[in-house]
Amino acid sequence: PVGKLDTAALPAPVLAAVGEFVEPATDVERTVAQVFAQVLGVERVGATDSFFDLGGNSLSATRLVARVSEALGVALTIRDVFEEPTVRGLAARGSESEGALLPPVTAVHPRPERVPLSFAQLRMWLINQLDPTSPVYNIPLVADLVGEVDTAALRQAMVDVVVRHEVLRTTFPAEDGVPYQLIADADDVAARLDWKAAEPEELAAAVMTGFDVATQWPLRVRLVQIEAPGEGRQASYRIAIITHHIAADGESLVPLFGDLLTAYAARRAGEEQQLPELEVQFADFALWQHRELGAPDDPDSIVGQQLAYWTRQLAGLPDVLELPTDRLRPRVATHRG
């Protein structure tokens, strides 16, 4: 009735190769096909199969580019995937590429006294400091837990996760207007973790309350008992793990919850946490990024060249596109979308 596709009425899609299966013919093609299969979660991929016909999208294409580049030792881009989405086409691009991969991210020892923010974190920090009360960049993970929950073991498991991931126990203060990463000591996590046994009506407030990332860790956890155990029914709980985008993104939620379940299983069994130490932390990535990409004000650096390119491409565009709209632009953004 509104002129849009009734997606609920569509059958479930069947994602499969179209046409005859063509065996990859070279080592490079076999390597690329293997990466296709890993990223897409399929058993086999032919040389003429298209990444997007098999269910790939722009997000999974970024993972594909990173893994193929690493496997072949070349620097491919997202554009290469869109222009050559088949195994054979992308393998040819990889064989022809003259670009060299940047060095891998490695742990930095010792770190400098002031660890800078990554470029993406710097953007998040600036937006956050304009209005620390805004929940626009909160990322909530809410899950229902059915059955008896050992809440003490669950809290200890969350401590284990925060100990493992430095970025979850990091604040971003500024000195002379320049923010830096201040990572709390692992021994402080148990005392400082923002964990609360809450009432159901408090969950919305926890999700919709902003973080001041200059002073607060970008994480809070709320646990609610929805139903007590009784005759014929199990207990049920709801856990809300809220992170700020300066420390996490949508892709972070699955490994975050996986780490929590792994640690909880160990703690409930009375064992020490089973989470191995990470080889690199996000602070190491930020240091790598500044070292390898350079400074925006250096015209010879990688990021300086990228900035110059987009400055040329966007030159002369208006600050605001005055398009006809049904609603007037408010003086202050509401972020209701």
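Using a distance-only test at 3.5 Å, with no hydrogens or angles considered, a donor-acceptor pair links the side chain of Q305 to the main chain of D300. Side-chain atoms of D160 do not come within 3.5 Å of backbone N or O of A263 as any donor-acceptor pair. Side-chain atoms of S60 come within 3.5 Å of backbone N or O of N57 as a donor-acceptor pair. Looking at W195, its side chain never comes within 3.5 Å of a backbone N or O of L223 through a donor-acceptor pair. Without hydrogens or angle criteria, E166 side chain to Q281 main chain gives no donor-acceptor distance under 3.5 Å. Between the side chain of R233 and the backbone N or O of A228, at least one donor-acceptor pair lies under 3.5 Å. Between the side chain of R155 and the main chain of A190, a donor-acceptor pair closer than 3.5 Å is present. With D80 contributing its side chain and T77 its backbone, the two residues share a donor-acceptor pair below 3.5 Å. At distances below 3.5 Å, at least one donor-acceptor pair connects side-chain atoms of H245 with backbone N or O atoms of A248. The backbone N or O of T209 sits less than 3.5 Å from a side-chain atom of N138, completing a donor-acceptor pair.
Residues F172 and F119 are members of separate hydrophobic clusters, defined by side-chain heavy-atom contacts under 4.5 angstrom among Ile, Leu, Val, Met, Phe, Trp and Tyr. Linking ILVMFWY residues whenever their side-chain heavy atoms come closer than 4.5 Å, directly or via other members, places V167 and L275 in the same cluster. With hydrophobic clusters built from ILVMFWY side chains whose heavy atoms lie under 4.5 angstrom apart, V280 shares a cluster with V162. Hydrophobic cluster membership differs between I242 and I139, with clusters built from Ile, Leu, Val, Met, Phe, Trp and Tyr side chains linked at under 4.5 angstrom.
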Evaluation steps, side-chain contact (heavy atoms from CB on, under 4.5 Å), between V22 and R88: CA-CA 10 Å; V22 178; R88 181 154 291 166; 4.2 Å; yes

Any chance you could lay out the side-chain contact (heavy atoms from CB on, under 4.5 Å) test for F36 and D49, step after step, and finish with the verdict? CA-CA 10 Å; F36 269 47; D49 292 341; 5.9 Å; no

Working note: W217 + T171, criterion side-chain contact (heavy atoms from CB on, under 4.5 Å); need CA distance, chi angles, decisive distance, verdict. CA-CA 5 Å; W217 289 356; T171 52; 3.7 Å; yes

Which is it for S252 and D249 under the side-chain hydrogen bond (donor to acceptor under 3.5 Å, both in side chains) test, yes or no, and what are the steps along the way? CA-CA 5 Å; S252 305; D249 58 16; 2.8 Å; yes

For V213 and M124: C-alpha separation, side-chain torsions, deciding distance, then whether side-chain contact (heavy atoms from CB on, under 4.5 Å) applies. CA-CA 9 Å; V213 299; M124 285 293 102; over 6 Å; no

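Using a 4.5 Å cut-off on side-chain heavy atoms (C-beta onward), P179 and L122 make contact. Side chains of F52 and F82 form a contact here, defined as non-hydrogen atoms less than 4.5 Å apart. Within the 4.5 Å cutoff, the side chain of P116 has no heavy atoms near those of the Y180 side chain. Between L193 and L219, some side-chain heavy-atom pair lies under the 4.5 Å cut-off. Contact check for L168 versus L256: side-chain heavy atoms found under the 4.5 Å cut-off. The closest side-chain heavy-atom distance from P85 to D53 is not below 4.5 Å. H244 places none of its side-chain heavy atoms less than 4.5 Å from the side chain of Q216. L10 has its side chain within reach of L5: a pair of non-hydrogen atoms, C-beta onward, lies under 4.5 Å apart.
Below 30°, between 30° and 60°, or above 60°: for F282 and F285 the angle between ring planes is between 30° and 60°, a tilted geometry.
At most 12 heavy atoms of other shown residues, nucleotides or ligands fall within 6.0 angstrom of atom CD in E70. By the 6.0 Å contact criterion, CD on E271 is enclosed, its count of non-hydrogen atoms from other residues, nucleotides or ligands being greater than 12. Other residues, nucleotides and ligands place no more than 12 heavy atoms under 6.0 Å from the CD atom of E277. Environment of CZ in R111: crowded, with over 12 heavy atoms of neighbouring residues, nucleotides or ligands closer than 6.0 Å. Enclosure of atom CD in E279 is not indicated, since only 12 or fewer non-hydrogen atoms of other residues, nucleotides or ligands lie within 6.0 angstrom.
In this structure, R164 CZ and L278 CG are separated by 4.0 Å, a value rounded to the nearest 0.5 Å. Between T262 atom OG1 and R267 atom CZ the span is 13.0 Å, to the nearest 0.5 Å. Atoms CG and CD1, on L293 and I302 in that order, are 5.5 Å from each other to the nearest 0.5 Å. Distance check, rounded to the nearest 0.5 Å: CD1 of I127 to OH of Y137 gives 4.0 Å. Distance check: I239 CD1 to T151 OG1 gives 10.5 Å after rounding to the nearest 0.5 Å. The structure places CG of L182 at 11.0 Å from OG1 of T215, a figure rounded to the nearest 0.5 Å.
The shortest non-hydrogen separation linking S118 to H290 is CA-NE2, 4.4 Å. Across all their heavy atoms, T86 and G89 have their closest contact at OG1-N, 3.0 Å. Residues P135 and V207 come closest through the heavy atom pair CB-O, 4.2 Å.
Taking S301 as the reference, D298, V303 meet the side-chain contact (heavy atoms from CB on, under 4.5 Å) condition, with sequence neighbours excluded. Judged as a side-chain contact (heavy atoms from CB on, under 4.5 Å), and not counting sequence neighbours, the contacts of D194 are R220, R222.
Salt bridge status for R268 with D150: absent, with no side-chain N to carboxylate O gap under 4.0 Å.
Each of L59, I78, L76, V81 was compared with L64 under the side chain to side chain contact (heavy atoms under 4.5 Å, CB included) criterion, and only V81 meets it.
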